[in-house]
Amino acid sequence: MIRLEKEGGLWIITLDRPDKANALTPEMLARLADIAESATEARALILTGEGRVFSAGADLDAARAGMTLSPDWERLSNALAALPVLKVAALNGTLAGGGMGMALACDLRIAVPGARFFYPVMRLGFLPQPSDCRRLVSLVGPARARLILMAGARLDADEALAIGLIDRIVPAQDLMATARELVTDVLAADPDIAQGIARLCS
């Protein structure tokens, strides 16, 4: 349910559980964390999903069974954030709940026009991951972070772009081509220079 394609220095990770809105099981989450930790040879990374939803977050049955407390959430987001490569979240659709952490840990977020963004942890009775809160505040500010996490706001793509949660809105048919275009210069550059810039910008 997690696909990994390697094209030279480009790694493409695809969430592939479209019949369940790419909701993450514990096994999928652990696999994603393993990939992120092993991606030291990558020079660029694209994270995307199959179907019309990027990720609905944690599988609800698994969440009720304790998945929200899994250390793999932080393991995944911290491993992604630490990679000194250009990381692009190509959001093929709605992003909800725990799935937000993966996108927040990337450097760039591009989304299709129909994408929606929400993180209903308070309503569901769960705490968000600590790093998700820090990165969300860093991107959109404390008030808008509370708007999403506490007021239960559901943002459309235009609103997400306006507050800085995403960086571009891209037609669905152009999503992956745009993501590939964004990493073209990094793949062509001297790896030491590219990684040096990544570290300076972190």
Side-chain angles (χ1 to χ4, degrees), residues 1-18 22-25 27-51 53-55 57 71-96 98-112 115 117 129 131-132 134-136 138-139 160 164-170 172 174-202:
M1 291 182 280
I2 301 296
R3 297 203 319 265
L4 173 61
E5 302 164 76
K6 299 179 183 179
E7 302 176 5
L10 173 60
W11 288 29
I12 302 174
I13 304 170
T14 304
L15 311 182
D16 192 7
R17 197 189 181 203
N22 290 327
L24 301 179
T25 64
E27 295 76 18
M28 292 171 68
L29 179 61
R31 171 67 174 146
L32 286 165
D34 289 343
I35 291 172
E37 288 179 342
S38 69
T40 53
E41 296 179 1
R43 296 179 59 191
L45 186 147
I46 297 173
L47 178 63
T48 192
E50 189 66 42
V53 175
F54 173 72
S55 178
D72 286 336
W73 293 107
E74 289 289 275
R75 188 162 73 93
L76 169 59
S77 61
N78 289 335
L80 280 174
L83 286 172
V85 304
L86 185 59
K87 303 166 291 281
V88 179
L91 305 173
N92 55 295
T94 292
L95 172 59
M100 188 82 76
M102 294 181 285
L104 291 172
C106 290
D107 303 304
L108 301 173
R109 285 154 295 279
I110 61 176
V112 299
F117 303 83
Q129 299 303 315
S131 64
D132 291 1
R134 291 194 298 271
R135 293 187 181 110
L136 189 59
S138 178
L139 280 176
L165 182 59
I166 61 174
D167 302 294
R168 286 186 184 174
I169 299 173
V170 180
D174 299 331
L175 183 68
M176 287 305 293
T178 301
R180 287 174 178 276
E181 182 181 346
L182 289 171
V183 301
T184 297
D185 285 357
V186 167
L187 293 173
D190 180 318
D192 290 337
I193 296 298
Q195 291 184 8
I197 292 173
R199 290 190 177 97
L200 287 170
C201 292
S202 64

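Note that these values count all heavy atoms, side chains included, but never hydrogens, waters or copies made by symmetry.
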Nearest non-hydrogen partners of Ala90 and Thr48, listed with the distance: O-OG1, 2.8 Å

Minimum side-chain heavy-atom gap Met102-Ile13 below 4.5 Å: no

Glu41 atom CD, neighbour heavy-atom count above 12 within 6.0 Å: no

Side chain Ser55, main chain Asn22, donor-acceptor under 3.5 Å: yes

Heavy-atom closest contact (Arg109 atom, Ala103 atom, distance): NH1-O, 2.9 Å

N/O donor-acceptor pair under 3.5 Å between Arg3 side chain and Thr14 backbone: no

Point-to-point distance, once rounded to the nearest 0.5 Å, from CG of Leu15 to CG of Leu32: 6.0 Å

Leu165 side chain reached by Leu136 side chain, heavy atoms, under 4.5 Å: yes

Side-chain touch Val85/Val183, heavy atoms, less than 4.5 angstrom: no

Glu181 backbone acceptor or donor facing Thr184 side chain under 3.5 Å: yes

Asp167 side-chain N/O to Ile110 backbone N/O, donor-acceptor pair under 3.5 Å: no

Side-chain (Arg17) to main-chain (Ala23) donor-acceptor, under 3.5 angstrom: yes

Min side-chain heavy-atom separation Arg180-Ile46 under 4.5 Å: yes

Asp16 (side chain) donor-acceptor with Glu50 (main chain) under 3.5 angstrom: no

Within-4.5 Å side-chain heavy-atom neighbours: Ser77 and Leu104: no

Side chain to side chain contact (heavy atoms under 4.5 Å, CB included) partner of Leu45, chosen from Leu10, Leu80, Ile12: Leu80

Distance in Å, Phe117 CZ paired with Ile166 CD1, rounded so as to fall on 0.5 Å steps: 4.5 Å

Closest heavy-atom pair and its distance - Pro84, Gln195: O-CG, 3.2 Å

Interatomic spacing from CG in Leu108 to CG in Leu47 - rounded to 0.5 Å: 12.5 Å

Note: Arg31-Asp34 ion pair, threshold 4.0 Å (strictly below): no

Reported CG-to-SG distance for the pair Leu91 and Cys106, which is rounded to 0.5 angstrom: 8.0 Å

Atom CD of Glu7: over 12 foreign heavy atoms under 6.0 Å: yes

Heavy-atom pair with the smallest gap, counting every atom of Gln129 and Glu74: CB-OE2, 3.3 Å

Side chain to side chain, Arg168 and Leu182, heavy atoms closer than 4.5 Å: yes

Heavy-atom closest contact (Asp72 atom, Ala30 atom, distance): OD2-CB, 3.5 Å

Over all atoms of both residues, closest heavy-atom pair of Gly164 and Leu139: O-CD2, 4.0 Å

Donor-acceptor contact present, side-chain Arg43 to main-chain Ala189, <3.5 Å: yes

